[in-house]
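What follows is one structure encoded as structure tokens, with my remarks underneath.
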Amino acid sequence: MRGAHNVFRLIRTGATFERTGAMKVVLGMIELHPNLKILARVLGLPFSLFGLKGDRSLPPVVRALTSLGPAYIKFGQLLSTRPDVVGAELAGELRVLLDKLPPFDTEEAKRTVEAELGIKVDEEFSAFSDSIAAASIAQVHRATLRGSGQDVAVKVLRPNIEKAFRRDIDAFYLAAWMVRTFSPASRRLRPREVVEHFEGVVMRELDLRMEAAAADELASTAAVHDRVKVPSVRWELSGKRVVTVDWAYGINLGDVEALREAGHDLPDLAARLIQMFLRQALRDGYFHADLHQGNLKVSDEGEFVMLDFGIMGRIDAFTRRIYAEILMGFIEKNYLRVAEVHFEAGYVPSDQDIDDFAQALRSVGEPMVGMDASRISMAKLLAHLFEVTDRFGMQTRTELILLQRTMVVVEGVARSLDPKLNMWEVARPVVEGYIRDHVGPRAAARDLMKSARILSRLAPKLPEYLAAVSQRKEPASGPEGSGNWLKLLLAGLIGAVAALLIVVALEGI
């Protein structure tokens with residue numbers, strides 16, 4: 001809660017939500033006793049006159065958030081990635097918050113660049129445009145380097161944005177505490193964890209050096225993907241409040257007519273987009289998590305050009321394997337295997353019935369697999385999936401939610417290029433290839449070898465551990481629990497032998 005002053009911020013927030021009609025939407029999402037909802041509305045009415053009006057042309061929640069300022073807009077952007085929290089319909093509405101803020105003054109942006117980089121804008125750039133895109137945290141200017149004539153994009157943080165975000169995040173923590181206190185049934189949504197995740201995302205985005213590093217890392221992994229380009233970072237012109245990258249040329253992926261007129265194969269672009277995303281997520285474990293049309297261009301050579309690296313996703317090797325098996329299970333309509341994978345990974349409590357869970361998954365998958373793609377609603381699919389996982393006590397996993405949400409966005413973009421696209425047919429070769437390389441016997445052998453190499457480093461201490469065990473005392477140096485270490489060491493050596501045998505057997509196949 002961190003301060004009683006946050007109560008007044010919440011009162012203003014509540015008044016704005018009541019005045020814009022957003023309060024009715026929010027109360028519909030929170031599981032409260034009906035009498036408490038009525039009480040909240042009655043108490044809120046007198047304060048509604050103190051709320052901000054907002055833009056009447058926008059949906060209620062979007063209208064409220066845009067009127068309350070950058071921190072609320074950014075929070076709305078984050079919630080657009082969490083349909084498990086706000087529902088698929090509201091998550092879709094919140095997507096309009098991407099670049100809807102008015103820009104701040106260009107001269108202020110130039111002063112920020114000069115103060116951050118220790119340069120003179122007129123000496124470094126021969127041209128520096130007004131804002132071409134303004135979001136909740138920063139805005140982008142097109143500039144031309146003096147001397148080389150190279151065009152670049154310069155992203156600059158909003159003035160005093162750090163202070164504004166820290167102030168409003170405190171109020172969000174108070175709101176999360178109130179939800180947990182007065183709506184125990186909503187604790188499954190983990191409101192405090194959602195705010196903590198938001199705080200972590202924002203703190204990273206407020207340091208543009210992190211975005212530059214994200215772009216650089218994605219470029220290093222995406223380099224192995226065919227026909228993918230990430231603008232190069234100009235590190236000498238980047239800092240905490242400014243980042244400069246090479247200008248990305250190409251046609252925006254949302255301009256379908258321009259793509260068609262330029263001679264691009266739209267169905268091919270759609271298929272490659274989905275496969276590019278799956279390769280990033282499954283093979284690399286590091287993916288662009290905001291792949292809407294505004295962040296994607298197509299170059300003259302047909303390459304995908306990715307922009308804006310503020311929201312990135314990262315998943316570990318274990319989760320990637322689990323996700324690939326779940327995807328493959330749905331593709332093959334093997335719902336029992338999908339259920340087994342959930343249980344093996346610990347996603348669903350062991351006291352649940354696996355056959356009932358498989359039956360519930362069938363109700364999710366059957367309307368999707370094999371159906372005409374134009375009739376599939378991924379929003380309805382996700383809503384049904386979240387209902388199923390909630391019913392079986394599955395805890396929300398942020399990394400999977402971000403992955404699933406990005407997949408929905410990517411499919412939507414791809415379908416705008418090819419309405420007849422069947423995502424599962426396009427995804428199959430990528431998923432099958434990943435499973436063949438990372439889930440089969442060769443992958444098991446590699447894992448055993450890796451574990452054996454780590455454990456075998458303890459081999460020089462084996463005589464000491466054996467002597468300590470025989471004398472029932474600890475070794476002179478080393479970790480406690482020599483008996484356990486001995487078991488681990490022996491298991492590692494056995495694993496090494498087993499791995500070698502498996503590799504030899506596989507080479508003979």
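Side-chain atoms of Asp418 and Leu266, non-hydrogen and from C-beta on, never get closer than 4.5 Å to each other. Side-chain contact between Trp247 and Thr144: absent, with no pair of heavy atoms (C-beta onward) separated by less than 4.5 Å. Residues Phe309 and His288 are in side-chain contact: their nearest non-hydrogen atoms beyond the backbone lie under 4.5 Å apart. For the pair Phe287 and Thr221, the minimum side-chain heavy-atom distance is 4.5 Å or more. Looking at Glu162 and Arg241, their side chains come closer than 4.5 Å, going by heavy atoms from C-beta outward. Counting heavy atoms from C-beta on, the side chains of Met328 and Arg428 come closer than 4.5 Å. Counting heavy atoms from C-beta outward, Leu291 and Val413 have side chains that stay 4.5 Å or more apart. Looking only at side-chain heavy atoms (C-beta outward), Pro231 and Leu307 come within less than 4.5 Å of each other.
Formation of a donor-acceptor pair under 3.5 Å by the Thr244 side chain with backbone atoms of Leu237 is found in this model. Put simply, the side chain of Asn160 never gets that close to the backbone of Lys163: no donor and acceptor are under 3.5 Å apart. Arg227 places a side-chain N or O within donor-acceptor distance of the main-chain N or O of Glu301, the cut-off being under 3.5 Å. Checked by atom type and distance alone, the side chain of Arg320 pairs as donor or acceptor with a backbone atom of Ile315 at under 3.5 Å. The closest donor-acceptor contact from the side chain of Gln293 to the backbone of Asn252 lies at 3.5 Å or more, if one exists at all. Remark: side-chain polar atoms of Glu116 are paired, donor with acceptor, to backbone N or O of Lys240 under 3.5 angstrom.
With no hydrogens or angles considered, a side-chain donor-acceptor pair links Tyr249 and Asp151 at under 3.5 Å.
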Is there a salt bridge (Lys or Arg N to Asp or Glu O under 4.0 Å) between Asp284 and Arg279? Walk through the geometry before answering.
CA-CA 7 Å; Asp284 303 330; Arg279 282 195 298 266; over 6 Å; no
Take Arg111 and Glu114 through the salt bridge (Lys or Arg N to Asp or Glu O under 4.0 Å) test and state the conclusion after the steps.
CA-CA 5 Å; Arg111 286 192 290 270; Glu114 292 180 343; over 6 Å; no
Would you check, one step at a time, whether the test salt bridge (Lys or Arg N to Asp or Glu O under 4.0 Å) holds for Glu107 with Lys110?
CA-CA 5 Å; Glu107 293 303 315; Lys110 290 181 178 180; 3.7 Å; yes
Assess the residue pair Asp308 and Val140 against the criterion (side-chain contact (heavy atoms from CB on, under 4.5 Å)); give the C-alpha distance rounded to whole Å, side-chain angles, the decisive distance to 0.1 Å, and a yes or no.
CA-CA 10 Å; Asp308 192 353; Val140 178; over 6 Å; no
Chi angles and distances behind the side-chain contact (heavy atoms from CB on, under 4.5 Å) call for Leu253, Leu417
CA-CA 8 Å; Leu253 207 61; Leu417 301 171; 4.2 Å; yes
Pair Thr112-Leu157, side-chain contact (heavy atoms from CB on, under 4.5 Å): steps then yes or no
CA-CA 8 Å; Thr112 299; Leu157 285 184; 5.7 Å; no
Tell me, with the steps shown, if Ile137 and Arg158 meet side-chain contact (heavy atoms from CB on, under 4.5 Å).
CA-CA 6 Å; Ile137 286 180; Arg158 288 182 172 274; over 6 Å; no
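Checking each of Leu273, Val305, Asp290, Val410 against Leu296 for a side chain to side chain contact (heavy atoms under 4.5 Å, CB included) leaves exactly one that passes, namely Leu273.
The nearest pair of heavy atoms linking Ala109 to Gln139 is CB-NE2, 4.4 Å. The two residues Thr20 and Pro60 make their nearest non-hydrogen contact at O-CB, 3.5 Å. Nearest heavy atoms, Ala414 versus Leu421: CB-CD2, 3.6 Å. For the pair Leu145 and Ser126, the tightest heavy-atom approach, listed with the atom from each and the gap, is O-OG, 4.2 Å. The two residues Trp235 and Ala213 make their nearest non-hydrogen contact at CH2-N, 3.7 Å. Between Lys297 and Ala248, the shortest heavy-atom distance links the atoms NZ-O, 2.9 Å.
For Phe165 and Phe172, the ring centers sit 6.0 Å or farther from each other.
Among residues at least two apart or in separate chains, ring-ring contact (aromatic ring centres under 6.0 Å, His included) pairs with a member in residues 106-127 are Phe125-Phe128.
In this structure, CE on Met407 lies 6.5 Å from CZ on Phe277, to the nearest 0.5 angstrom. The CG atom of Leu58 sits 10.0 Å away from atom CG of Leu65, with the distance rounded to the nearest 0.5 Å. Atom OG1 of Thr66 is separated from atom OH of Tyr72 by 13.0 Å, given to the nearest 0.5 angstrom. Here the straight-line distance linking atom CG of Leu278 with atom CD of Gln280 works out to 10.0 Å at 0.5 Å rounding. Note that the CZ atom of Arg63 and the CG atom of Leu68 stand 11.5 Å from one another [nearest 0.5 Å]. Rounding to the nearest 0.5 angstrom, the gap separating the NE2 atom in His264 from the CG atom in Leu259 is 6.0 Å.
Applying the 6.0 Å contact sphere to CG of Asp300 captures no more than 12 heavy atoms from other residues, nucleotides or ligands.
In summary, Glu217 and Arg314 engage in a salt bridge, as defined by a charged side-chain N under 4.0 Å from a carboxylate O. The pair Glu344-Arg337 meets the salt-bridge criterion, with a side-chain N (NZ, NE, NH1 or NH2) lying under 4.0 Å from an Asp/Glu carboxylate O. A salt bridge between Glu303 and Lys229 is present, with a side-chain N of the basic residue lying under 4.0 Å from a carboxylate O of the acidic one.
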